[in-house]
Every structure is written in C-alpha cells, then in structure tokens.
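Okay, so here's the structure we're looking at.
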Amino acid sequence: MEVPKDQMASLLENGLFDSAQMLGCFLVSSTVTNVEASPYLKAENLVLQGDALFGQKEFRRSLSMYKQALQLCKIIPKQTTVSRSSLSASARSSSPNNMNISAINENEVKFKITLCYCALCENRAALAEIEGIPSKARTLRMNLTIGKLYRISRHNRAAISCYKDCLRHCPYVLEAIAALAELGVSSKEIVSLFPQTPNRGRTPFEHSDNTRWLHRYVEAQCCIASNDYKGGLEHFSDLLQRFPNNVHILLEIAKIEAIIGRTEEAIMNFEKVRSIDPFVMTYMDEYAMLLNSKSDHSKLNKLVYDLLNIDPARAEAFVASSLLWERKDERRALAYAEKSIRIDDRHILGHITKGRLFLSLNRPDTAVTAFRAAQELRPDLRSYQGLVRSYLALSKIKEALYTAREAMKIMPQSAKALKLVGDVHASNSSGRDKARKFYESSLRLEPGYLDAALALAELHVVEGRTKDAVCLLERYIKDCADDSLHTKLAQVFAATNMLSEALSHYQAALRINPQNNAAKKGLERLEKQMKGIDPDAPEEDEENEVEDAEADPEDADLFKYSAYSPSKNLNNPLASAIKIDIRIFDLDDFYLSLNFKHVSAQNIRPSYLLL
C-alpha cells in the first residue's frame with residue numbers, strides 16, 4: 001500500500017510540519033521496505049521528510065535525512081546507465097516504483113544541508129557544503145548565504161565577490177549593500193554593479209527619481225562604514241524626508257546619533273520607532289545603553305520587560321537585561337551578557353557590555369579579551385575606549401597609546417578618538433601637556449563634546465589651575481544644563497572648600513537627574529563636612545544597616561521609589577535630598593519609611609526591578 005507523496009508536499013506547503021513529519025515516517029518506511037523502489041524515489045522521500053523536520057526545527061534529524069538523500073543520488077548513475085535507454089523506449093508506468101529518474105536537485109539539497117549547519121552554528125561545515133555548489137548554479141539566496149559565511153570565516157575577498165553577484169542579480173539586496181560598504185568597497189563601485197541593460201528577464205536599472213533613493217542609501221552606508229557619521233546622518237535624514245516614519249531609517253539615524261553623542265535626539269528617535277512599531281527588536285539594546293547612561297531605570301526596566309515578551313531568543317533582550325542589572329548585581333548582569341553572546345556570538349554590543357562589566361569587577365585582563373572580540377567583528381569606538389581603559393588599569397601605557405592612536409587613525413575626524421589619546425597621556429604626569437592639547441583639539445573639532453570638557457577640567461584641577469576649571473565648566477553650563485557638568489563643578493568647589501557653591505551645584509545636578517549617584521554621594525559627603533563631621537569616618541548605624549540587609553534577602557524583588565525634594569521647604573538647609581523606600585509586599589499592604597517629613601508626591605519617581 002503506497003503513501004501519497006503529493007499529500008506530503010501539500011502538508012509542507014501549508015506549513016503543517018508536525019503532520020508532514022508523521023506522514024513522512026510512513027512514506028520513508030514504505031520505500032525502505034520496498035526493494036523495487038527507485039533510489040531516486042527514496043531520495044525524494046528522504047528530502048520531503050528532511051523538509052518536515054527542518055520546519056520543526058529538528059536540524060540534526062533534518063541534516064541526517066538530507067545526507068542520506070545525497071548519498072542515494074551519488075549511486076544512481078551506476079545503477080541507471082543501462083536502464084535509461086530502455087526507459088525512454090518503453091511506455092512509462094504510472095507507478096512511482098518504476099521511475100528511475102527524478103526531478104530532485106542535488107544543489108538544492110546541498111543548500112538545505114548548509115542551512116541546517118547554519119542553524120546549528122557549525123559555520124565551517126556549512127561553508128564546506130555550499131562551496132560544493134557550482135557558482136553558476138547558485139541562486140540569489142545561495143550567494144547571500146555564502147557571502148555571510150565567507151565573512152564570518154574572514155575570507156573577505158571571497159565575501160565581496162559573492163555580495164557583488166547578489167547586486168548584479170538584484171540591486172535591492174540592502175544586506176549586500178551594507179556588507180560591501182563595511183568591507184571597504186566604494187559607493188561608486190557598488191552603484192556600478194547595478195544592472196543597466198535587460199539581461200535574462202531582468203529589467204534595466206535606470207538612474208531615475210524612482211531609484212535615486214537607492215544611490216543615496218549606498219552613500220549613507222559607505223559614510224557610516226568609513227566613520228563619517230555626519231555625512232551618513234545627512235544622507236539618512238534626506239531619505240527620511242522622502243520616506244517618513246521609515247522604521248529602518250529611523251533606527252539607523254538613532255544609532256548614529258548615539259555614536260556621535262546626541263543622546264537626547266537618539267532617545268527621541270528610538271521612542272518614535274517604538275511608537276510606530278512596538279515590537280521591533282533591532283538596535284533596542286543600543287536604546288537600553290542610552291537609558292542606562294541617563295539613569296532612567298524605570299524606562300529601562302519597561303524596555304527589558306517588553307523585549308523579553310516580544311522575543312526572549314534575541315541577543316538584544318539579554319544585553320538590555322544586563323544593563324538593567326549592572327547597578328544592582330554585576331555578576332548577574334555578567335551572566336545576562338554572556339547569555340546574549342551564546343545566542344549570537346557576533347553581536348557586538350554583547351561583547352562590549354561583557355567587557356564593561358569585567359572592568360567594573362576589577363578584571364581588566366578578561367575585559368581586554370571581550371573588547372578584542374568586539375573589535376574583530378567590527379571596529380567600534382566603544383571597543384577602543386574599553387581597551388584603552390583596560391590597558392591603563394593594567395598599567396600597559398604603550399598598549400593603551402597604540403590602541404588610542406589606532407582609533408584616531410581609523411576615525412581622524414572623531415573628537416572622541418582624539419579625547420581617547422588625551423586620556424592615555426593624562427594617565428602620567430609627563431604627558432599632561434600633550435593631553436591638554438588633545439582635549440583642546442577634540443573641543444575644537446566638536447565644541448559640544450562634554451566628555452572632553454570634563455576631562456580638560458579635571459586636568460586643570462590636577463595641575464592646580466582651579467580657576468581655569470571653574471571658568472570652563474561654567475561656560476559649558478550656560479549652554480548645556482547637564483547634570484555631569486554640575487556634579488564636576490560641585491566637586492571642584494568642594495575640593496577648594498567653597499561648600500555653599502558646591503551645595504548649589506549638587507542640588508542642580510539632582511534636579512536634572514535624581515538618579516545621579518556621583519551627585520548623591522558628593523552631597524552626602526558635603527553635608528557631613530558642613531556639619532563638621534569627617535566624611536570618611538564610619539557611621540554609627542553602619543552595622544545596623546548591614547544586619548538589616550542580611551535580614552531582608554528579598555530586597556531585589558521589591559519595588560522601590562526615590563524622591564528628591566528642594567531644600568526650601570525644609571528647616572534644615574543641608575537636607576536637600578530625600579530618599580523614600582516603599583516595599584510592597586501586597587497590593588493592600590505596604591511599608592513606608594521616610595527620612596524627612598516634607599515630600600511632594602509629584603517628585604516621587606518609580607523604578608521597577610525585574611524579578
């Protein structure tokens with residue numbers, strides 16, 4: 001009794017992989033037990049069963065089926081050479097058992113084997129399999145896949161050739177455009193690949209208004225790849241005017257703005273993307289990085305919650321989770337970062353986040369490995385910054401200087417790269433003059449670069465030029481109300497015993513960003529100084545606090561609120577920051593502890609912690 005093969009194909013076409021897999025068991029077993037069945041027929045049945053298993057994501061089993069099918073195809077010529085002539089002469093029977101020749105495509109089966117290896121992250125085996133397909137027989141999808149595999153294997157020339165074949169076939173393969181730009185191919189060369197005359201059914205690619213946007217897209221990608229972020233931003237902004245609310249373009253713009261330090265604009269664009277498409281995952285860990293830098297933990301927690309609900313199998317969700325937990329539990333944050341890399345070992349931000357955590361855990365040697373892994377995937381300023389910090393922590397000044405200069409060479413128009421070289425020179429007293437020159441050059445290139453201004457102010461303080469530091473910071477505060485500027489100025493005033501001025505700027509910093517930990521700690525020290533208490537002396541209730549912490553192991557599972565209240569409503573002018581801890585055990589039962597009485601409800605800010 002035969003099993004209808006056309007029904008198996010129909011189940012696969014309709015995506016009913018479970019039913020197809022069960023029916024496939026009958027189909028395969030019937031041909032195996034039938035000695036008269038053609039090897040080609042057996043191979044076809046095995047391919048169908050492999051397709052069903054692939055749809056079920058049982059890649060090992062699917063791989064086995066495809067390999068068995070290919071093995072049968074190899075022995076066919078030896079068995080069917082004699083029978084082909086007689087087959088063509090005689091009338092063909094409708095029974096499939098009498099068929100010696102089939103429409104099975106060995107190249108398609110090899111490609112399916114390649115996809116199985118890719119799903120199993122066995123890239124070397126995948127590349128070896130797909131290389132067995134002749135270049136003339138490769139489809140567009142095959143060329144794109146082999147290009148990716150060559151790139152993973154660092155065979156860049158072969159990858160470029162495959163990506164070029166993709167664009168010769170279809171100029172709208174945007175993945176190939178971005179990949180070629182990152183591999184150093186010029187925009188002119190990329191555009192020259194677009195088909196100009198009809199060939200094999202393809203329509204000509206004319207330089208009309210309808211296709212001019214694609215040329216602009218190529219220019220934008222090439223600018224980004226060459227670290228010309230301003231040029232790339234201009235091209236993408238032009239594209240956005242023609243294609244408003246384009247999620248892909250908005251994400252690219254937001255990422256560029258994050259790189260060049262336009263944090264507020266980047267956050268606005270990421271939020272706009274989420275308002276258009278709440279389920280987008282691409283670059284959402286970049287958004288999480290920005291929220292973390294702004295200490296906006298409530299939005300960060302909401303983002304992580306959303307990402308884990310949308311797709312918990314994406315690396316972006318676990319990078320964002322790592323960023324959320326790094327202020328509370330660095331080891332747990334590290335576990336999340338490592339999980340993101342296990343999901344996708346080519347996810348750059350996962351390696352960068354892992355390196356940052358190793359640095360904060362005082363393991364700079366391991367941090368170097370993580371940052372190097374990110375850099376090998378694609379040179380990123382953050383990986384250079386992490387490497388320089390790691391080498392400085394290891395007192396490897398030469399390696400740090402070499403890395404910083406390499407960043408400056410790759411990104412000659414980057415103020416951040418110049419500042420990085422200045423950081424290395426500032427690490428020892430003999431290089432402070434050079435450091436000052438690099439900081440000043442960085443500010444000339446990008447006058448609004450606050451990190452360079454803060455570094456230059458710190459250098460002024462170290463060299464005893466306190467007035468210069470104050471003047472510099474006050475000048476920037478007039479143009480930019482940033483909490484880090486107020487915090488640094490408060491620290492300068494506190495160091496010179498100008499306590500009232502320091503108090504004013506700490507308060508200003510906390511008004512802008514109530515989560516600024518440096519301002520909180522500085523304010524606590526300042527209050528002790530103004531009360532005549534040694535800020536470095538241990539507190540009397542320190543032991544009690546430790547006991548309370550040990551007695552409450554579920555602190556991480558509680559909702560916490562913090563509030564800031566200006567000092568004008570308080571009798572004590574020194575008590576400017578108020579913390580409220582609300583521990584919610586049940587919806588109707590909560591415990592509230594206040595340090596001071598006068599608190600405005602509108603100043604309470606929630607921050608949710610993941611369980």
Side-chain angles (χ1 to χ4, degrees), residues 1-77 79 96-97 99 101-133 137-139 141-146 148-150 152-153 311-315 339 341-346:
M1 183 176 180
E2 295 297 332
V3 178
K5 186 163 50 178
D6 59 334
Q7 296 300 317
M8 175 79 169
S10 177
L11 291 173
L12 290 172
E13 287 177 5
N14 287 280
L16 303 177
F17 299 115
D18 291 343
S19 295
Q21 185 270 328
M22 288 186 280
L23 182 61
C25 291
F26 291 93
L27 190 65
V28 171
S29 61
S30 66
T31 55
V32 169
T33 55
N34 189 349
V35 293
E36 296 181 358
S38 163
Y40 261 129
L41 181 61
K42 293 179 181 179
E44 279 187 337
N45 293 341
L46 287 168
V47 170
L48 288 172
Q49 180 70 335
D51 291 345
L53 292 167
F54 190 91
Q56 289 183 308
K57 300 186 185 303
E58 294 192 43
F59 303 116
R60 288 287 179 196
R61 293 180 67 192
S62 178
L63 184 63
S64 174
M65 294 293 170
Y66 292 142
K67 285 187 172 182
Q68 289 180 54
L70 271 188
Q71 193 64 32
L72 285 171
C73 290
K74 290 178 181 179
I75 64 174
I76 298 301
Q79 296 183 352
N97 291 342
M99 291 178 61
I101 299 178
S102 172
I104 188 170
N105 187 328
E106 293 185 31
N107 291 329
E108 288 290 340
V109 177
K110 288 180 180 180
F111 184 59
K112 290 177 179 181
I113 291 174
T114 299
L115 295 179
C116 288
Y117 280 128
C118 289
L120 295 167
C121 298
E122 297 181 11
N123 295 320
R124 289 185 180 179
L127 184 58
E129 191 67 40
I130 199 171
E131 282 181 328
I133 302 174
R138 291 173 191 163
T139 63
R141 189 184 180 192
M142 289 177 183
N143 275 321
L144 188 62
T145 302
I146 194 172
K148 291 178 180 179
L149 290 169
Y150 275 135
I152 290 171
S153 304
D311 189 353
R314 287 284 291 268
K339 187 168 185 178
I341 296 171
R342 286 197 298 273
I343 293 173
D344 182 3
D345 62 355
R346 295 184 62 79

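One-based numbering along the sequence shown.
Interatomic distance, Y40 OH to N45 CG, rounded to the nearest 0.5 Å: 14.5 Å. Rounding to the nearest 0.5 angstrom, the gap separating the CD1 atom in I146 from the CZ atom in F111 is 10.0 Å. To the nearest 0.5 Å, the span separating CG on N107 from CZ on R138 amounts to 9.5 Å. Atoms CD and CG, on E122 and L63 in that order, are 7.5 Å from each other to the nearest 0.5 Å. In this structure, CG in L115 is found 9.5 Å from OG in S62, a value given to the nearest 0.5 Å. A distance of 11.0 Å separates NZ in K148 from CD1 in I130, rounded to the nearest 0.5 Å.
The nearest pair of heavy atoms linking S153 to L127 is OG-CD2, 3.7 Å. Pairing each heavy atom of M8 with each of A52, the nearest pair is CE-CB, 4.3 Å. Shown here for C116 and F54, the closest heavy-atom pair between the two residues is SG-CD1, 3.6 Å. Closest of all the heavy-atom pairs between A20 and L12 is CB-CD2, 3.7 Å. When all heavy atoms are compared, the tightest approach of E106 to C73 is OE2-CB, 3.7 Å.
Taking 4.5 Å as the limit, some side-chain heavy atom of L70 sits within range of a side-chain heavy atom of E129. Counting heavy atoms from C-beta outward, T139 and N143 have side chains that stay 4.5 Å or more apart. Between Q49 and C25 the shortest side-chain heavy-atom distance falls below 4.5 Å. The closest side-chain heavy-atom distance from V47 to K112 is below 4.5 Å. Contact of the Q21 side chain with the L53 side chain is registered, since non-hydrogen atoms from C-beta on lie closer than 4.5 Å. Counting heavy atoms from C-beta on, the side chains of L46 and Y66 never come closer than 4.5 Å.
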**Study point:** Test side-chain contact (heavy atoms from CB on, under 4.5 Å) applied to L149 and C118, step by step
**Key:** CA-CA 9 Å; L149 290 169; C118 289; 4.0 Å; yes

Practice item. Take L41 and K5 through the test side-chain contact (heavy atoms from CB on, under 4.5 Å) and record every step on the way to the result. Key: CA-CA 10 Å; L41 181 61; K5 186 163 50 178; 3.1 Å; yes

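In summary, the side chains of E131 and Y150 do present a donor paired with an acceptor at a separation below 3.5 Å, with no hydrogens or angles considered.
Electrostatic pairing of D344 and R314 does not count as a salt bridge here, judged by no charged N lying under 4.0 Å from a carboxylate O.
Shown here is K110, whose NZ atom has more than 12 heavy atoms of other residues, nucleotides or ligands within 6.0 Å.
With sequence neighbours left out, the side-chain hydrogen bond (donor to acceptor under 3.5 Å, both in side chains) criterion links Q7 to no other residue.
At least one donor-acceptor pair closer than 3.5 Å links the side chain of N14 to the backbone N or O of S10.
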